[in-house]
Novice: 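Sharing a structure, written as structure tokens. Questions coming.
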2 protein chains.
Amino acid sequence: MLVLALYFFMAKIITTKNVTKKEVITQHAAVLFRQKGFAGTSMRELAEKLGIEASSLYNHIGSKSELLQTICFAVANDYNSQLEKTELSNEKVAVVIENIIRFHIHMMLHRFDEVFVANHEWKQLQEPFLSNFLLQRKSYEAKLIALIKKGIQTKEFVNINPHVAVLTILSAVRGLEFWQRHKKNLEQKSLEQDIVYHLLNGLKK
Amino acid sequence: MLVLALYFFMAKIITTKNVTKKEVITQHAAVLFRQKGFAGTSMRELAEKLGIEASSLYNHIGSKSELLQTICFAVANDYNSQLEKTELSNEKVAVVIENIIRFHIHMMLHRFDEVFVANHEWKQLQEPFLSNFLLQRKSYEAKLIALIKKGIQTKEFVNINPHVAVLTILSAVRGLEFWQRHKKNLEQKSLEQDIVYHLLNGLKK
DNA sequence: TGCCAAAACTAACACTTATTAGTTTTTAAA
DNA sequence: TTTAAAAACTAATAAGTGTTAGTTTTGGCA
């Protein structure tokens, strides 16, 4: 007698300890949102990456928007708390600025997907999250501007428009987005060193 | 006797001479694509901005994708032809680089919407346009890298990784995206001067 | 005026979207 | 082994998508 048994398994989200399923979903969402944008990513697509059905996502998350909110504010919080720490040090302004640049580079290289999404997709946040996010960013920039001003007063920096300098620095560091493509071709340390040097000392001899 | 006449007018796309309706549509599309992203913008939304119905758009354009293609390649062409012009000059490398930076700033300030869309939404291009676009960008960057290398050889520039320098410069200039918010608060000329100075001579005294 | 092409319209198509309801399976503790 | 919660499933909803077909209106020229 032949017994033929067929087993069907339901797919399940794989988690390792200390990582909730919500966090696994959010991380996958970050990758997709980076690759295809928030509006360009569907919940079915996200579910497929996780090996489950779209409707099953809602056992773990509230909504698609919530995913974006989680990503954007996690990044914003990390930048803010690091800045608060760094600000309080007694180093010279040039050193503080250098440390901040290095932290930005670190975030770009190690939290790439989330940072990218926070940089590019925040516009898709719904109110009141949109306003909140913009407010946080403005306050962050204001702190940096104040630092540059201080550096000019202490004669450490040239007499540049502090607002312009901050934008130039922040944007230059964001250039690492493009760098991901050639990640392997260059040592991280020398990359970091070149950017910091370029921004602080310029290109010319 | 009272005669009551009701007139209904069909909306029409307003054009001034030397501007085709297709160009008017494309310009409005650029604004919307910048504000809400390509995937986040619907044809009905675009049509509404123009005061017509969505289906009427198709008397003038082929498809939504075509709009994105038009925008991205118009920008790419402008950058490419300007670079070809500038490269051929007999100026010192530092001057050539400075001119290129100034051109980028000019594009950011005067063709904001199109440049922004080309920078952010090119990923949504369909093949073979996507590959074509990436190829053009790579070749553009390669030319800039060669220029920086030349500048290092002629001892005009410090011994920096040319690839990193190009990315830093291009990204820094893209920071003007954020500047649009405060457009009125600063003279364009001094803004331009500060960025050029920062990138060529650095922040430190 | 009469005519024709350009450009608008309405209506519909076939799909895709995020999300919900209700049901079944799985997991883990009692 | 029973039981309850967690987490998967199927099926459906209502709204929105780009685009096409067919029709009507418009504007300029004969």
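Because only heavy atoms are used, hydrogens play no part in the values below, and waters and symmetry mates are left out as well, while side chains stay in. Below, read A as the first sequence line, B as the second, and so on, with proteins coming before strands; counting in each chain starts at 1.
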Novice: Return the value, rounded to whole Å, for the distance between atom NZ of B:K64 and atom C1' of D:dT20.
Specialist: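 These atoms are roughly 17 Å apart.
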Novice: For A:D113, which of A:Q35, A:H28, A:R34 qualifies under side-chain hydrogen bond (donor to acceptor under 3.5 Å, both in side chains)?
Specialist: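 So the option named by the test is A:R34.
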Novice: Among the nucleotides C:dA8, C:dT10, C:dT17, which one has an atom lying closest to any side-chain atom of B:S55?
Specialist: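 Within the option list, the nearest is C:dT10.
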Novice: Look at the side chain of B:R44 and decide which nucleotide, out of D:dT19, C:dC9, D:dA12, has an atom nearest to it.
Specialist: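 It is D:dT19.
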Novice: Please state how far atom CE in A:M43 lies from atom P in C:dT16, giving the value in whole angstrom units.
Specialist: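 Those two atoms, CE and P, are 18 Å apart.
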Novice: Of all the nucleotides listed (D:dG18, C:dA18, D:dA8), which has the minimum atom distance to the side chain of A:Y58?
Specialist: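 Of the options given, the side chain of A:Y58 lies nearest C:dA18.
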Novice: Assess the side chains of B:N80 and B:Q136: does a donor N or O sit below 3.5 Å from an acceptor N or O?
Specialist: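 Yes, side-chain donor-acceptor contact under 3.5 Å.
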Novice: Do A:E127 and A:S131 meet the criterion of a side-chain donor-acceptor pair at a distance under 3.5 Å?
Specialist: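 On atom types as modelled, these side chains qualify, holding a pair under 3.5 Å.
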Novice: Between B:E48 (CD) and D:dG16 (P), how many Å, whole number?
Specialist: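 To the nearest whole Å, that distance equals 13 Å.
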Novice: Quick check for you: among C:dT19, D:dT10, C:dT10, whose closest atom lies nearest to any side-chain atom of B:E53?
Specialist: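 Shortest atom-to-atom distance from the side chain points to C:dT10.
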Novice: Is there, by distance only and without an angle test, a donor paired with an acceptor across the side chain of A:N59 and the base of D:dA8 below 3.5 Å?
Specialist: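 Yes, the side chain and the base share a sub-3.5 Å donor-acceptor pair.
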Novice: How many Å lie between CD on A:Q124 and C1' on C:dA18, as a whole number?
Specialist: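 It is 15 Å, rounded to the nearest whole Å.
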Novice: Taking the side chain of A:S42 as its heavy atoms from C-beta onward, which of C:dT17, D:dG18, C:dT19 lies nearest to it?
Specialist: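 When the side chain of A:S42 is considered, C:dT17 is the closest of C:dT17, D:dG18, C:dT19.
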Novice: Between A:S65 and B:A54, who's closer to the 5' end of DNA chain C by nearest nucleotide?
Specialist: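 Comparing both residues, the 5'-ward one is B:A54.
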Novice: Compare side-chain N and O positions of A:S56 against OP1 and OP2 of D:dA7 and report whether any pair is under 4.0 Å apart.
Specialist: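 Checking D:dA7 against A:S56, no side-chain N or O comes under 4.0 Å of OP1 or OP2.
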Novice: Starting at atom NZ of A:K22, determine the distance to atom C1' of D:dA6, rounded to an integer number of angstrom.
Specialist: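 In whole Å, D:dA6 C1' and A:K22 NZ are 16 Å from each other.
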Novice: Does this structure show an ion pair linking A:E141 with A:K138, if we count only N-O contacts that are shorter than 4.0 Å?
Specialist: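 So A:E141 does not pair with A:K138 through a salt bridge.
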Novice: Are A:K21 and D:dA7 close enough that a side-chain N or O sits under 4.0 Å from OP1 or OP2?
Specialist: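 It does, given that an N or O in the side chain of A:K21 lies less than 4.0 Å from OP1 or OP2 of D:dA7.
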Novice: D:dA6 phosphate, OP1 or OP2: any side-chain N/O from A:H60 under 4.0 angstrom?
Specialist: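 No, no such contact exists.
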Novice: Starting at atom CD1 of B:I25, determine the distance to atom P of C:dA6, rounded to an integer number of angstrom.
Specialist: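 One finds 15 Å between P of C:dA6 and CD1 of B:I25, rounded.
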Novice: Does B:K36 have more than 12 heavy atoms from other residues, nucleotides or ligands lying within 6.0 Å of its NZ?
Specialist: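 Result for NZ/B:K36: open.
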Novice: Taking atom P of D:dA21 as reference, at what distance in whole Å does atom CG of B:L57 sit?
Specialist: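 Taking atom P of D:dA21 as the reference, CG of B:L57 is at 17 Å.
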Novice: For the pair made of CD1 in B:I52 and P in C:dC9, what is the distance, rounded to whole Å?
Specialist: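 Between P of C:dC9 and CD1 of B:I52: 6 Å.
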